[in-house]
Amino acid sequence: MNFIEELRWRGMIHDMMPGTEEQFAKEKTAAYIGFDPTSDSLGVGNLVQVMILLHLQQAGHKPFALVGGATGMVGDPSGKSDERNLLDAETLQHNQAGIEKQLRKFLNFDNGENAAEMVNNYDWFKEMSFLDFIRDVGKHISINYMLAKDSVKSRLETGMSFTEFSYQLVQGYDFYWLNTHKNCKVQLGGSDQWGNIVTGTELIRRKSGNEAYAVTTPLIKKADGTKFGKSASGNIFLDPKKTSPYKFYQFWLNATDEDAENYIKIFTLKPKTEINELIKEHQQSPHLRILQKELAKDITIRVHSVEDYEAALNASEILFKTGQEAIDGLKNLPADLFEAIFEGVPQSTVPKKEVENGISIIDLLVTTTHFLSSNGEARRALKENSISVNKNKVNEEDTITFSHVINDSYILLQRGKKNYFVVKVN
RNA sequence: GGGGAAAUACUCAAGCGGUCAACGAGGACAGACUGUAAAUCUGUUGGCUACGCCUUCGUAGGUUCGAAUCCUGCUUUCCCCA
């Protein structure tokens, strides 16, 4: 199956320039995607772009991953309703390094002919003077053309700085540069990048007369129309320090049936037959959550490691069991395994003395652990019957004593089904 | 530069002298039902030493027994005219 066909059945194509498919069919083709260093870690949203590059490489083409050291200094107005704050050079540097490191994990940079390559547009912009830029680049693209872009048009009312206005030219020049120096003929990206990409192909056509192509991916949304890649506690990042592997695993496991079907196509490399098989199995017995489990497993292993996956799976199984079985499971857990499992679950430490004296449940939830932020919230939660201690529901009058401490060292608090908190006693 | 309008909790949005911790909607969280799904129903959504008290309606003052509501200065935003 060729590159474009692969993307197509996975639902990863939003738009494509005429001739793109032929270009990929004709020869080994180089293509690039840019990553903005707005954070020091990629989020799951960026994972779509990473997967595209992976498919590209697997189809025998050559991927370029561009880190936007220069474009990051300008700020892409696409999809933004407000002017962005500029990041300082130090932050950008730090972010670039983080992103580069993550990209290296996914792509093969060392397989000869179609090895992936990492480039940073700062390298070709740092030497360029403003005058050079407006003479060599600006001269080829008309204001009228730039104004017609959605990213600009939508901001004409509310205002936009010259800096952001010029963004499309800067990105356009990237494409031109890669085209002339690296023979890169295609730019890939999210659908919000279409305007910027087309400015690039236009620039290439006018400056060097070459043909250049574009493929964009659809913006991933959840079935209910909300943004993908966020959880209650914020963005889901690939960096385990920002999003623990446990949380990361849970994020995928919590996908709705509908979403899971889409995600497994987009975020895993599993072949079509296997995916169809999984979907069928899932539909036959949806309560087994096969899709979600496979999805979460595959991605967690690829982004983190097999060990991280196993730990997350282990933790999930123990945390989500119910009844006596769950309590026994907790009690039988050796201390070291416990540590590993609950890494990533919020926790705090309480002196043994205090527990021996007995703590009211409200004090425990709020004052000693800060699991909940106010007594009022704690009372509310208790009234809602949503608080459990070691998997047992508790009410407002309950007092926590040493008899609640499991294995001499911890207490497991829970709000609702999915929010856990570990109290360590020592 | 001149004139007008507006700023309310996570967001939108009521309220225009007491009955306002502030209608309503969305969101979020929780409970029931389930499959850690969806849909649905229900509850909660400022704080506290809690049938009471305290702090909140851009900001600083003022009028009043009493203000989110009236007045004044300031800040910000939007609109109209130049």
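Lettering of chains follows the sequences in order, A, B, ..., and the numbering in each one begins at 1. Note that the coordinates shown come from a computational prediction; the quantities given were computed from them, not determined experimentally.
When distances are taken from the side chain of Arg415(A) to each of A30(B), A38(B), U36(B), the shortest belongs to A30(B). Nearest to the side chain of Arg379(A), among G47(B), U36(B), U49(B), sits U49(B). Of the candidate nucleotides C29(B), C33(B), G35(B), C29(B) has the atom nearest to the side chain of Glu384(A). Candidate nucleotides G47(B), G35(B), U49(B) were compared by shortest atom distance to the side chain of Pro286(A), and G35(B) ranks first. Side-chain atoms of Arg289(A) lie closest to G35(B) of the nucleotides A30(B), G35(B), U49(B). Among the nucleotides G35(B), A38(B), C48(B), the one closest to the side chain of His287(A) is G35(B).
With C1' as the reference atom, U55(B) and A50(B) are 15 Å apart, rounded to whole Å.
Toward the 5' end of RNA chain B, the nearer of the two residues Ala255(A) and Lys417(A), judged by each one's closest nucleotide, is Lys417(A). Nearest-nucleotide mapping onto RNA chain B: of Tyr249(A) and Arg380(A), the residue sitting toward the 5' end is Tyr249(A).
No contact: Ser285(A) has no heavy atom under 4.0 Å from any strand. Contacts of Gln292(A) with the nucleic acid, taken as non-hydrogen atoms under 4.0 Å apart, include base atoms. Asn375(A) comes within 4.0 angstrom of the backbone, heavy atoms only, and of no base.
At a threshold of 4.0 Å, the pair Asp257(A)-Arg289(A) does not count as salt-bridged, since none of the basic side-chain nitrogens sits closer than that to a carboxylate oxygen. One finds no salt bridge joining Lys297(A) and Glu310(A) here, because no Lys/Arg side-chain nitrogen approaches an Asp/Glu carboxylate oxygen to under 4.0 Å.
In a base pair of the Watson-Crick type (N1 to N3 plus N6-O4 or O6-N4) or a G-U wobble (N1-O2 and O6-N3), with each distance short of 3.5 Å, C33(B) is matched with no nucleotide. Taking a pair to require two hydrogen-bonding distances under 3.5 Å in either a Watson-Crick or a G-U wobble arrangement, G1(B) pairs with C81(B). Pairing of U75(B), defined by two Watson-Crick or G-U wobble distances under 3.5 Å, is identified with A7(B). Checking C20(B) for Watson-Crick or G-U wobble geometry (two distances, each under 3.5 Å) identifies no partner in any strand. When Watson-Crick and G-U wobble pairs are counted only if both distances are under 3.5 Å, U56(B) pairs with no nucleotide at all.
To the nearest angstrom, C1' of A30(B) lies 16 Å from CG of Asn395(A).
Residues Phe3(A) and His55(A) place their aromatic rings such that the two centres sit no closer than 6.0 Å. Between Phe237(A) and Phe248(A), the ring centre distance reaches or exceeds 6.0 Å.
Under 3.5 Å, the side chains of Asp308(A) and Ser305(A) contain a donor-acceptor pair of N or O atoms.
Using a 4.0 Å cut-off, no side-chain N or O of Lys293(A) falls inside it from OP1 or OP2 of A37(B).
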